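Because the structure is a prediction, the values reported are computed rather than measured. Along the sequence shown, the residues carry numbers beginning at 1.
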Amino acid sequence: MESGTGLGFLIFFPFIAGGLAYLAGHASGKKKENAPHTGGILRDAIVIVSVVLEFIVMTSVSYFAVSSQSSYVLEIPDICGLGLGFVLDGFRSVYGCVAAFMWMMTAILSREYFAHLHHRSRFYLFLLWTLGATLGVFLSADLYTTFIFFEIMSFTSYTWVAQEENGPALRAADTYLAVAVTGGLVMLMGIFLLYYQLGTLTISELPAAAANCGERNLLYAAGACMLFGFGAKAGAFPLHIWLPKAHPVAPAPASALLSGILTKTGIYGILILGCCLFPGDGKWSGLILALGVVTMLGGALLAVFSVDLKRTLACSSMSQIGFILVGIGMLGMSGIEGETEYRIFATHGTFLHMVNHSLIKLVLFMAAGVVYMNAHALNLNDIRGFGRKKPLLKCIFLIGALAIGGIPLFGGYISKTLLHESIVEYGGGAALRAVEYIFLFSGGLTVAYMTKLFVAVFVERNGDFALQEKYDSMKGYMKPATVFALAGSAAVLLAWGLCPHALMDRAAQLAQGFFRLEETGHQVHYFSFGNLKGGLISIGIGGLVYLFFIRRALRNAEGEYVNAWPEWLDLEELLYRPLLLRFLPWLLGGLCGLLHRLLSSPAILKTLSAVAGVFCRILDSLVDGLVVFLRKTLYRDSPLPYERPEGNVFTEKLGVALNAFQSLGNRTWRRKNPVHRDYVHLAAMKNEQFRETNHIIQRSLSFGLLLFCIGLSLTLLYIIWW
């Protein structure tokens, strides 16, 4: 193990740089109208230098860690009791470099994107803070560190969605935050259960601890809670509701990161569960596979029907997350012994599709940002024909579209081929055959909706001839820095796909240790007919869906695209909001109202009192019978103590002592003015009043909430100082 000093820089430097950039930008806002905005220039420089430096350090540290075949480790003890732990290995090196590269490119695009928008300094602040939090998640060595940075990332990225501060943005931000907070709290409960059951949260120690765990039901409960939290961030069904709402309203640079990287933090957590807690567990793998199939197909269907450019890409992200979940589900379908060929395919395909999707969405969302910067619209009918005479933007978007569609010679084809081959190699009967068919059909839908986007924006003419003329005559629609960001990202994506053995296979082999896979398997001939067949089937399905469904059913007589998806079939509006905002308040309010009526009705109170009286009389009779029985049997020779008329032992002894003290006073200093009180009776009365008052307090909601807060505070103090 080598020193991990560089890890501290990678994680905490963005937080410092974000603060400095915000202060510089805030200073520029106080300048007079005609004064030079030197603070804004300084802010932009700080942001660009920070992300470039972060990328350089990330690649350098990763290179030295990989070349020396060692891991960099950083431990910060006594933080929140358990401390923070970070590690850099093969998987984390690759994904850390991908994250740093994406942040660098989106920050370069942001300078032009936000040139005429407000709250730039705030966006840059949370852009850099989210970078530090995201790297904190990917480099975390234990689940406690993962959770802390996971929650920081959720709150800092919330401002991206709410950036525009209009009605749709704030509503989408509410949805995003609600899903993130709910998922985080449920995840924390799972982490507590896991720590109680295994005694460790260190990721490298989880496989051995889980293998020796006898209480599998508790382990499943902990895993389900954490799956809820990680799945919410990944955008898996049925917690995907934030994806289609957040992306259309968030700035394009933020959308690229939300879709390309932040969803992968959720996948990172699901990988830990599948590879470390439940390796080779058929039940768990079956659950993940089922979620993956539903997410994969559901996202593709939503994308086909969407008529908003960024919303289509957001639904596409949901579908591609489903492809990745299918790969994770295939990892443990038949155990981990023997490391069969299908498991190698699933491991490499899962990881490579994660990387592919990140790079693809970087290109596509930045291209969508260029469209929005110039057209100020995202509806396909409004931006039709925008890119007809923009060959550079057309080429960049086409590279991303071909890659995500799984077209041969592009990266998406390689990862989808590996995932498809893992299903074919496993076999598994009718169920897995159905999964294969849905996999190929979902791939075909991907081709269909990406064809729709490309044709609408870059091939067709706009129905408004004046608007089309405006689009065709646009010059200088991208500044040189923006061209560098888009063209550079597209070039990396293209080179990545054109060199599958030199780049993609080597990256997968570096990362497979995280999946607990030792063998690398034989070299796959990606362009043999057997492997091409699956991709060609999906391409054929996509062509048919586009020609005979999208062109005919999803366009009106004027050639405009229509959204035929039923408005009521919105899971958030159909289920979540009514359930949480109307049904549960109505149900709980009704129960409280019923209870209030029961307790305020004289007739019901009289009935309850009568029932309670009967119960007390029965209880008294039983006690008296027991006393009589004891006196006639066990205590025949030594009868029970005398019956205490009132109070208890403590009040009786206290009263006797006070009576004796009173008697002493009456005989000495109070002879002329004696006091005569029965303190036994008074103490018993006070005790009864105290018991009644205490009973009333204990039944109150405030008392319950007070006890809950005290318990929560003690728990947090225990966690922090233990």
message: Run Leu393 and Val371 through side-chain contact (heavy atoms from CB on, under 4.5 Å) and show every step you take.
response: CA-CA 9 Å; Leu393 184 63; Val371 174; 4.3 Å; yes
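- The two atoms that bring Ala403 and Leu493 nearest to each other are CB-CD2, 4.1 Å, heavy atoms only.
- No donor-acceptor distance shorter than 3.5 angstrom exists from the side chain of Ser538 to the backbone of Gly443, with no hydrogens or angles considered.
- His348 contributes atom NE2, which lies 13.5 Å from atom CD1 of Ile414 (distance to the nearest 0.5 angstrom).
- Looking at Ile267 and Ile328, their side chains come closer than 4.5 Å, going by heavy atoms from C-beta outward.
- Of the N and O atoms on the side chains of Ser154 and Lys233, at least one donor lies less than 3.5 Å from an acceptor on the other residue.
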message: Does Tyr413 form a side-chain contact (heavy atoms from CB on, under 4.5 Å) with Phe527? I'd like the steps, not just the answer.
response: CA-CA 10 Å; Tyr413 164 77; Phe527 303 107; 3.7 Å; yes
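- If you take CG on Leu302 and SG on Cys315, they are separated by 4.5 Å, rounding to the nearest 0.5 Å.
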- request: Show your working on side-chain contact (heavy atoms from CB on, under 4.5 Å) between Leu313 and Leu453 and close with a plain yes or no.
  value: CA-CA 9 Å; Leu313 295 179; Leu453 292 182; 3.9 Å; yes
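- Checked by atom type and distance alone, the side chain of Thr451 pairs as donor or acceptor with a backbone atom of Val447 at under 3.5 Å.
- Not one N or O on the side chain of Asn563 forms a donor-acceptor pair closer than 3.5 Å with the backbone of Val307.
- Side-chain atoms of Ser316 and Lys361 include a donor-acceptor pair closer than 3.5 Å.
- You'll find the ring centres of Phe101 and Tyr95 outside the 6.0 Å limit.
- Annotation: side chain of Met105 is not in contact with side chain of Leu109 (no heavy-atom distance under 4.5 Å).
- Just one residue in the list Val293, Leu432, Val424, Ile423 forms a side chain to side chain contact (heavy atoms under 4.5 Å, CB included) with Phe439, and that residue is Ile423.
- Distance alone, capped at 3.5 Å, is enough to place a donor-acceptor pair between the Lys416 side chain and the Ile404 backbone.
- Glu421 contributes atom CD, which lies 13.5 Å from atom CD1 of Ile344 (distance to the nearest 0.5 angstrom).
- A cation-pi arrangement is not found for Lys452 relative to Tyr546, the charged atom failing to lie both closer than 6.0 Å to the ring centre and inside a 45° cone about the ring normal.
- Using cut-offs of 30° and 60° for the angle between ring planes, the Phe91 and Phe515 rings count as perpendicular.
- For the pair Ile288 and Gly329, the tightest heavy-atom approach, listed with the atom from each and the gap, is CG2-N, 3.8 Å.
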query: Would Thr347 and Gln512 satisfy side-chain hydrogen bond (donor to acceptor under 3.5 Å, both in side chains), going step by step from the backbone distance to the final call?
result: CA-CA 7 Å; Thr347 299; Gln512 69 181 28; over 6 Å; no
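- For Tyr372, the side-chain contact (heavy atoms from CB on, under 4.5 Å) criterion is met by Tyr113, Leu378, not counting sequence neighbours.
- For the pair Ser442 (side chain) and Ile438 (backbone), a donor-acceptor distance under 3.5 Å is present.
- Taken to the nearest 0.5 Å, the NE2 atom of His525 stands 14.0 Å off from the OG1 atom of Thr417.
- Heavy atoms only, all atoms of each residue included: Ala368 and Leu309 are closest at CB-CD2, 3.6 Å.
- Remark: Lys394 fails to qualify as a cation-pi partner of Phe397 under the 6.0 Å distance and 45° angle criteria applied to the six-membered ring.
- Here the closest heavy-atom approach between residue Ala564 and residue Leu554 is recorded as CB-CD2, 3.8 Å.
- Of the possible polar contacts, one joining the Asn356 side chain to the Gly411 backbone as a donor-acceptor pair under 3.5 Å is found.
- Contact record, Leu325 with Ala236: CD1-CB, 3.8 Å, taken as the closest heavy-atom pair.
- The distance from atom CG of Leu418 to atom CG of Asp505, rounded to the nearest 0.5 Å, is 7.5 Å.
- In this structure, Thr130 contributes its side chain and Met153 its backbone to no donor-acceptor pair below 3.5 Å.
- Put simply, the side chain of Phe386 does not reach to within 4.5 Å of the side chain of Asn462, judged on heavy atoms.
- For residues 291-313, the set of pairs meeting the ring pair (Phe, Tyr, Trp, His ring centres under 6.0 Å) definition, not counting sequence neighbours, comprises Phe305-Phe549, Phe305-Trp565.
- Using a 4.5 Å heavy-atom threshold, the side chains of Val457 and Arg384 count as separate.
- By the 4.5 Å heavy-atom criterion applied to side chains, Leu467 and Glu469 are not counted as neighbours.
- Using a 3.5 Å distance cut-off with no hydrogens or angles, the side chains of Asp464 and Gln468 do not pair a donor with an acceptor.
- Considering only heavy atoms from C-beta on, Val459 stays 4.5 Å or farther from Arg388 through its side chain.
- No donor-acceptor pair closer than 3.5 Å links the side chain of Ser259 to the backbone N or O of Ser255.
- A side-chain donor from one of Glu460 and Tyr561 sits under 3.5 Å from a side-chain acceptor of the other.
- Looking at Val483 and Leu486, their side chains never come closer than 4.5 Å, going by heavy atoms from C-beta outward.
- Taking the ring centroids of Tyr526 and His501, they lie under the 6.0 Å cut-off.
- The two atoms that bring Thr265 and Leu262 nearest to each other are OG1-O, 2.5 Å, heavy atoms only.
- For residues 229-253, the ring pair (Phe, Tyr, Trp, His ring centres under 6.0 Å) pairs, not counting sequence neighbours, are Phe150-Phe230, Tyr176-Trp242, Phe237-His240, His247-Phe365.
- Thr295 places no side-chain N or O within 3.5 Å of a backbone atom of Gly292 that could act as its donor or acceptor partner.
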query: For Glu112 and Met373, what are the C-alpha separation, side-chain angles and deciding distance, and is it a side-chain contact (heavy atoms from CB on, under 4.5 Å)?
result: CA-CA 9 Å; Glu112 180 180 356; Met373 281 192 300; 4.0 Å; yes
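- Between Phe278 and Trp284, the ring planes are parallel. Angles under 30° get that label, and only those over 60° would be called perpendicular.
- The CE atom of Met296 sits 9.5 Å away from the CG atom of Leu419 when rounded to the nearest 0.5 Å.
- Between the side chain of Lys245 and the main chain of Ile241, no donor-acceptor pair closer than 3.5 Å is present.
- Considering only heavy atoms from C-beta on, Leu440 comes within 4.5 Å of His420 through its side chain.
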